[in-house]
Amino acid sequence: MAVSEPVRVRIAPSPTGFAHLGTASTALYNILFARKQGGTFVLRIDDTDMERNRPEYEALIYESLRWLGLDWDEGPDKGGPDAPYRQSERVDLYREDAARLIKEGSAYRCYCTPEELEAERRQAQADKRPYRYSRRCLLNPPDDRSVFAVRFKVPGGEVTFTDMVRGEMRFDADLIGDFIIMKSDGFPTYQFASPVDDARMEITHVIRGEEHLSNTPYQLMLVDALGYKRPVAYAHMPLILAKDGAKLSKRKHPEANLALFREQGYLPEALLNYLALLGWNPGTEQEIFSFDQLLEAFSFERVQRAGARFDWEKLNWMDGEYIRNLSDDELATRLEPFLQNVDGETIRRAIPPLRTRMFKLSQSVDYLEYLWTDPPPPSLDAETAQRVRAAVDALRPTPWEPEPIESALEKAVETSGVSKGKFYNPLRDALTGKKVSLPIHYAFALLPKDKALSRLERAA
RNA sequence: GGCCCGUUCGUCUAGUGGACUAGGACGCCGGCCUUUCAAGCCGGAGAUCACGGGUUCGAAUCCCGUACGGGCUACCA
């Protein structure tokens, strides 16, 4: 590649539901490649399915991608030299190209009904031969029908292309039947709109999920028939699989929903890091990568060819690593949306004991909930109640900071003659209503003194 | 059914003919620390490299076949 044209890549998500994890993954790889090559990253919205696509889903895609910091250079909301970037707004273009194909004899109108096609398909199956459209509307068009779709007349032969992760690919197009490029509702199919846009937008590298590998020959034949320039190369990335090994489905697998990660307080940079390692590895033992380091290390040669299962445990670990490495200020800022009931100063003071105890931000709520929710007073036996009163006495004259509280409590433990565990657990219960909490002296210090002591008194 | 892609510890993976008694990470188990829970530190178990044939002095690595998984084969994308 000596004198090469500027790199242009794209993602083309379809707004037919919540933003998908796979979209984030594909976007990441696209951005990595684009930034590395000094190229352009385009966001195109693939909304040609009039039945299923909805504008609010489009907004969800923007939000999730922005949250991850995967920003695009051109897109429906940003404009650009190839606007519009929403396929529903480009139908004239597809119609124009389809008309040209028909005129040149590379495509034809098909008047078959879904029922008729289904019958053909069933017949082929009964005869145990691979199904391909019969071409009856090409060979013998009906003259009494007006509703039609446009079908591409597949030229056959061999289609080859370069895949940056799988090498040279070769497909026998004689096995491919004539397929629909314009639906009877006047909208293009994905198989048509995608290569037309890629060509018109001068996309140089098509980086997408492996599910599209088999689609590539369909699209290349179209590009050729239209006389457009083919992309320089493709890269078909391994699919993200669910824990059970099945393809991640929106219905069955909550982790397919990008918004979920934000809601639960995963850090976007950690998710990105995890995603990068699902299907790719640097060839070194490094696991934690900043975006810039990813940029430096990434290459398609090191992309895995088999699908990779999504593993919550490893993500949790990685997110914990990122949380532990955040500065106090940064962590406080990120915690704020999750702790709307807690003032900034208290959040700041909670950070030292909190940070090693979370692998996602939302867990801070479990630890700090007692600050704004009064727990039910525990019922204590006489002996325990006695010790709780001793704790109150020890605490009353103590300055309300973790250190003094700790030493006051230590002293009380000593005079009580019981173990720390036995002494502290009832206090924890009375104070927080939970079995698990921050270390007891922090738990006390974060709550106003009078409130803390009254919870103990109430219990004893 | 046809075509395509794939298959190394439970999971993500290293490995491109001899350095492999197959390495790392997550998880798991044990120990230390410890007021709970984490974090941290130390140690451990865990993969006859899907299976069967070849090629080779030698194969996880090359070839063929089989099995299994996934994708495409839609007027979904």
Side-chain angles (χ1 to χ4, degrees), chain A residues 12-16 46-49 51-53 110 112-114 117-118 121 124-125 127-132 147-151 163 166 169-173 175-177 179-191 193-194 209-218 236 238-239 241 243 245-247 274 277-288 302 304-318 320 324 353-359 363 366-367 406 409-410 413 419-425 427-429 432 434-441 443:
Chain A
S14 177
T16 53
D46 191 340
D47 57 350
T48 55
D49 185 343
E51 308 265 285
R52 296 196 299 153
N53 87 74
C110 175
C112 295
T113 65
L117 294 170
E118 184 52 36
R121 220 171 280 129
Q125 201 161 33
D127 299 349
K128 290 193 180 277
R129 46 160 231 276
Y131 173 70
R132 261 182 282 133
V147 176
F148 65 89
V150 179
R151 229 175 242 282
D163 190 290
R166 282 152 221 274
M169 300 301 304
R170 186 177 296 271
F171 285 84
D172 182 359
L175 268 18
I176 297 174
F179 56 92
I180 305 254
I181 57 175
M182 294 292 284
K183 299 180 268 190
S184 55
D185 67 1
F187 280 80
T189 59
Y190 163 79
Q191 216 66 293
S194 181
E210 194 199 326
E211 66 218 283
H212 290 122
L213 186 55
S214 303
N215 288 326
T216 308
Y218 290 71
H236 288 97
L239 259 24
L241 273 19
K243 181 123 191 155
K247 186 184 169 189
Y274 177 70
L277 255 28
L278 252 197
W280 168 84
N281 79 81
T284 67
E285 285 177 2
Q286 184 176 357
E287 302 247 28
I288 303 296
R302 298 204 62 89
Q304 208 68 25
R305 282 171 288 267
R309 296 182 202 214
F310 181 89
D311 181 15
W312 280 108
E313 298 291 346
K314 185 141 188 182
L315 202 222
N316 288 344
W317 164 76
M318 188 166 281
R324 275 169 245 129
L354 203 47
R355 76 177 329 133
T356 60
R357 273 164 254 260
M358 303 183 289
F359 59 78
Q363 290 174 306
D366 299 329
Y367 281 108
E406 186 175 21
L409 252 19
E410 299 277 290
V413 169
S419 68
K420 277 190 185 180
K422 195 154 187 185
F423 192 91
Y424 287 153
N425 285 335
L427 299 184
R428 190 191 320 282
D429 195 358
T432 68
K434 290 172 190 280
K435 291 192 111 58
V436 173
S437 79
L438 297 180
I440 198 75
H441 53 293

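Note that this is a predicted model, so its numbers are computed, not measured. The sequence lines fix the lettering, A, B, ..., with proteins before strands; numbering per chain opens at 1.
At the phosphate of B/rC76, OP1 or OP2 sits under 4.0 Å from a side-chain N or O atom of A/Lys183.
Among the nucleotides B/rG1, B/rC37, B/rC75, the one closest to the side chain of A/Val436 is B/rC37.
The distance from atom CD of A/Gln125 to atom C1' of B/rC3 is 16 Å, rounded to the nearest whole Å. A/Lys247 places its NZ atom 10 Å from the C1' atom of B/rC76, with the value rounded to the nearest Å. Following rounding to the nearest Å, A/Leu315 (CG) and B/rU13 (P) show an atom-to-atom distance of 14 Å. When rounded to the nearest whole Å, the span between CE of A/Met169 and P of B/rC72 equals 15 Å. Taking atom CD of residue A/Glu285 and atom C1' of nucleotide B/rA22, one finds them 14 Å apart after rounding to whole Å. With rounding to whole Å, A/Lys420 atom NZ is found 14 Å from B/rC37 atom P. We find that CD1 of A/Ile440 is positioned 7 Å from C1' of B/rU35, with the value rounded to whole Å.
Residue contacts for A/Tyr218: at a heavy-atom cut-off of 4.0 Å it reaches the sugar-phosphate backbone alone, with no base atom in range. Heavy atoms of A/Asn215 sit under 4.0 angstrom from at least one base atom. Backbone-only engagement by A/Arg166 is indicated by non-hydrogen atom pairs under 4.0 Å involving sugar-phosphate atoms exclusively. Contacts of A/Gln304 with the nucleic acid, taken as non-hydrogen atoms under 4.0 Å apart, involve only primed sugar atoms and P, OP1 or OP2.
Base pairing analysis places B/rC32 opposite B/rG40; the two distances defining the Watson-Crick or G-U wobble pair are each below 3.5 Å. With a 3.5 Å ceiling on both atom-pair distances, the Watson-Crick or G-U wobble partner of B/rU66 is B/rA50.
With both ends at atom C1', the span from B/rG24 to B/rC64 equals 33 Å, rounded to whole Å.
Summarising the geometry, atom CG belonging to A/Asp46 is positioned 9.0 Å from atom OG1 belonging to A/Thr16; distances are rounded to the nearest 0.5 Å. For the atom pair CE (A/Met318) and CD1 (A/Ile288), the distance works out to 4.0 Å, reported to the nearest 0.5 Å.
At a cut-off of 3.5 angstrom, counting only N and O atoms as typed in the model, there is no donor on one side facing an acceptor on the other between the side-chain of A/Ser14 and the base of B/rA77.
Between the side chain of A/Arg302 and the backbone N or O of A/Asn281 there is at least one donor-acceptor pair closer than 3.5 Å.
Checking A/Leu278 against A/Leu241, the closest nucleotide of RNA chain B that is more toward the 5' end is the one next to A/Leu278.
Look at A/Lys183 and A/Glu51 and you find no salt bridge, because none of the NZ, NE, NH1 or NH2 atoms lies under 4.0 Å from a carboxylate O.
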